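To start, the structure under review is shown below, and the notes come after it.
All figures in this text were calculated on a predicted structure; none of them were measured in a lab. All values below were derived from every heavy atom in this structure, side-chain atoms included, with hydrogens, water molecules and symmetry-related copies excluded. Numbers restart at 1 for each chain; the letters A, B, ... are given by sequence-line order, proteins then strands.
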2 protein chains.
Amino acid sequence: MSGRFVPRSRKQTRATVLESLLRTKGAFRTDLARETSLTEASVSRIVADLRTEKLVEERKESAPHAGGPTALVTLSNNINVLGIELSNSRLSLGVGNFGGTLDYVERMPASPNLDQDEFERLFSASAVALREWVDARGIDLRQAAMSIPGYGREAGNPIFPWDMARLEGFLGKVLPGLPLALTNSVVAQAAFNRYAMPSTYAVEGDHLFLFVGHGVAGVIVNEAEPIDAFSPFEMGHMVIERDGLVCRCGHRGCVEAYTSLRAVSTIIGVPGNEILARGDRFLDALEVDNVARDMLRERQFLLGLALGNALNLHPVPAVVISGWPSLTPESDRSAIFDGLNQSLLGGYDEGRLSLSFIAPSIGNDPKAALSYAAYCFVSGGGLEAASDARAMEETA
Amino acid sequence: MSGRFVPRSRKQTRATVLESLLRTKGAFRTDLARETSLTEASVSRIVADLRTEKLVEERKESAPHAGGPTALVTLSNNINVLGIELSNSRLSLGVGNFGGTLDYVERMPASPNLDQDEFERLFSASAVALREWVDARGIDLRQAAMSIPGYGREAGNPIFPWDMARLEGFLGKVLPGLPLALTNSVVAQAAFNRYAMPSTYAVEGDHLFLFVGHGVAGVIVNEAEPIDAFSPFEMGHMVIERDGLVCRCGHRGCVEAYTSLRAVSTIIGVPGNEILARGDRFLDALEVDNVARDMLRERQFLLGLALGNALNLHPVPAVVISGWPSLTPESDRSAIFDGLNQSLLGGYDEGRLSLSFIAPSIGNDPKAALSYAAYCFVSGGGLEAASDARAMEETA
DNA sequence: GCAGAATAATTACACAGTGTAAACATGGCG
DNA sequence: CGCCATGTTTACACTGTGTAATTATTCTGC
């Protein structure tokens, strides 16, 4: 009841408020105060600050009942961010604002083995065009983010074995003065689902977002800590079958060797990117034989087994799976639950673990990187790089 | 350089300072300021506060050079905490202070199947004796902690399937007004090694403390965040062999089924508690045959495999293993590294992962629970329960 | 012994960010 | 048109911080 003084830094409170706005696409002050655990007085001050900086806007909107809130606070659509997305088939970049629009986009085909020299050549040309577009409209880019499959491993990236220091240096030179964040594609996917597709993504609270694509990786999305909300979760290289199938990582029996898009495409004889492109009911349309179908069930069983193992180590009340398993018929998908039942302590129990499936989003690159860029901007409190750098020094 | 205002709550700063003192067994103010990232001014104020509350003491101790520090700050030995430790073979309780002494101890044999009724009977009697002892000396207990094997799982404790709410209620009644913390035995072990045995425990920075006993479980010890430093890490029920050995959890192929003390004792035909009691070179003394020895190597291989899997999910730069593998000859122990090599991404690399072994501590119960109680007291900032409760309300 | 050097420890001060409570604003309803 | 219910802002007191000046302590060299 007492509610005494609990200090937080200016950057942190601003970040909390902005993240809430990004997630909810606008909120009344009262709701903001509740979501951020601040008093209305504090929200008032922060919103006033943000408004003078033109980071947020207020739109008149009155509630149906007497004395309701008067103005809806939303993020300003004048803030623009840049997203760069690298995938196995193409490189794309785009500019967008917090409204979720993609105002500028360029997509270039790229090989899965795109090397760093080639990337720099490709991107340099694009950057010139981008700069022109931006300058012509007087747009002020505030944050850039690039998502890369396999990014973030200590041991180096097995998919794109690039030199990250060189990449940062290069982008820093080509995009001078623009704060840059690199991240794993899965993290960007999670950000996209959280911020750009809140409707299809009904999960509340802490959960694991697991993406089964070329790799098998996930993110722990921590709703309780609205900022620093994404921590990576590498599941693809858990060995579940000793002396099993060879994986591209060099080991044998990894989850990825069994359940990646590549493994599945071998089973059904369809190129990986086509599976996702066909979307819903990709199995039905294919008339796969029963042998292949049984194998797919088996693979999903293994996925469930590995997921159970992972959840034993890191318990989470909900899991959202995106990727090809979301496209299989529910009767086949049940193999995942069978697998869970053989590893998850106490077995699978609807009350303790909510498991849901969302269709993998395809062809909307670079919206994921864009969402992540928005998150990065917001989690920095929307402060200028200069004051941000000072903040870094403080903690050092 | 600038070092601006970075607010923290009073409780948190106090906790940071106290934890540092608990870990270092006393420090000069200058060192304290460095360790806690506070200015000497702040340390001065906090230490002054703590001293008036008689939580810390200062002992004159001059440095060898001119103008050195004058007084060593240590935790007051007047603060007493209570530790209760339940193991497979006995129930023990003891009172100690921050000096690491165990001033009162009672140990009762208990079966691995000790049920909650019996526990309450046993403990009620002990509590009376304890209360007398405490009252006779005018000792003011500040915190109690009880460690229980298998504690902390959502799905319930498979080893001691007690009702935790009932346990808390019972202890709250028997030990009125005494803050109580329940925890897993492994967490207590980690606290013991961190606070009571800093000499044998040369690991710096974040690491995983893995205990291989009746269960296989660990704790992530986070040195960077001095408070809230222990987060549980359940590895024992990772399924590494489909349709493998039956585990007491009901599943098949769990790590625990292969590498627990129970599994090992079956292999070599010696009761589990005796293995640890024999200590060093338990294999040599036993003259186990080559078949058994190979099996033990195999089991350690599996442990390494599982550990690699776990580290892929949750990378940590160092691992400390305590338990029977610490007692095997180094040539056999190398199987752990072989296992790691088959699962850890990038393989085992001395530069990226430091793996060390410490002997399992045996027969010093309830010192582990005592260490954990000290940690709990300290991480609450040494504040009275009343103000602590208020702090809880704030965050709620 | 005693001045001086070197460092530690304390204190005065300004500042930032908070919550409380009071004042002010807004819109629906009788 | 005034009342009421609620949202929003503002005045104020408070806490914990860092900076910088001040005071304390101990060793060194003579």
Would you tell me if any nitrogen or oxygen in the side chain of [X] comes within less than 4.0 Å of OP1 or OP2 on [N]?
{"X": "S42(B)", "N": "dG16(D)", "answer": "no"}
{"X": "S44(A)", "N": "dT8(D)", "answer": "no"}
{"X": "T39(A)", "N": "dT18(C)", "answer": "no"}

Please give, in whole Å, the distance from [N] [atom2] to [X] [atom1]?
{"X": "D49(A)", "N": "dT9(D)", "atom1": "CG", "atom2": "C1'", "answer": "13 Å"}
{"X": "E40(B)", "N": "dA12(C)", "atom1": "CD", "atom2": "C1'", "answer": "17 Å"}
{"X": "L38(B)", "N": "dT19(D)", "atom1": "CG", "atom2": "P", "answer": "12 Å"}
{"X": "R34(B)", "N": "dA8(C)", "atom1": "CZ", "atom2": "P", "answer": "10 Å"}
{"X": "I46(B)", "N": "dT10(C)", "atom1": "CD1", "atom2": "P", "answer": "12 Å"}
{"X": "R14(B)", "N": "dT15(D)", "atom1": "CZ", "atom2": "P", "answer": "14 Å"}
{"X": "F28(A)", "N": "dT9(D)", "atom1": "CZ", "atom2": "P", "answer": "14 Å"}
{"X": "Q12(B)", "N": "dG16(D)", "atom1": "CD", "atom2": "C1'", "answer": "12 Å"}

### Query
Do D103(B) and R137(B) sit within salt-bridge range, that is, some charged N less than 4.0 Å from a carboxylate O?
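The answer is no: the pair does not qualify as a salt bridge.
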### Message
Quick check: on DNA chain C, is the nucleotide nearest R45(B) upstream (toward 5') of the one nearest T30(B), or the reverse? Name the residue that is more 5'.
### Response
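Counting from the 5' end, the first nearest nucleotide belongs to T30(B).
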### Task
With the side chain of A41(B) defined as its heavy atoms from C-beta on, choose the nearest nucleotide among dA20(D), dT8(D), dA8(C).
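The listed nucleotide nearest to A41(B)'s side chain is dA20(D).
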### Query
Just by modelled atom types, is the G138(A) backbone N or O under 3.5 Å from a matching donor or acceptor in the D140(A) side chain?
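Side chain of D140(A) to backbone of G138(A): no pair is present.
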### Query
How many angstroms lie between CG in N78(B) and CZ in R142(B), if you round to the nearest 0.5 Å?
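So the gap between those two atoms works out to 10.0 Å.
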### Query
Is any side-chain heavy atom of F209(A) closer than 4.5 Å to a side-chain heavy atom of R194(A)?
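No, every pair of side-chain atoms sits at 4.5 Å or beyond.
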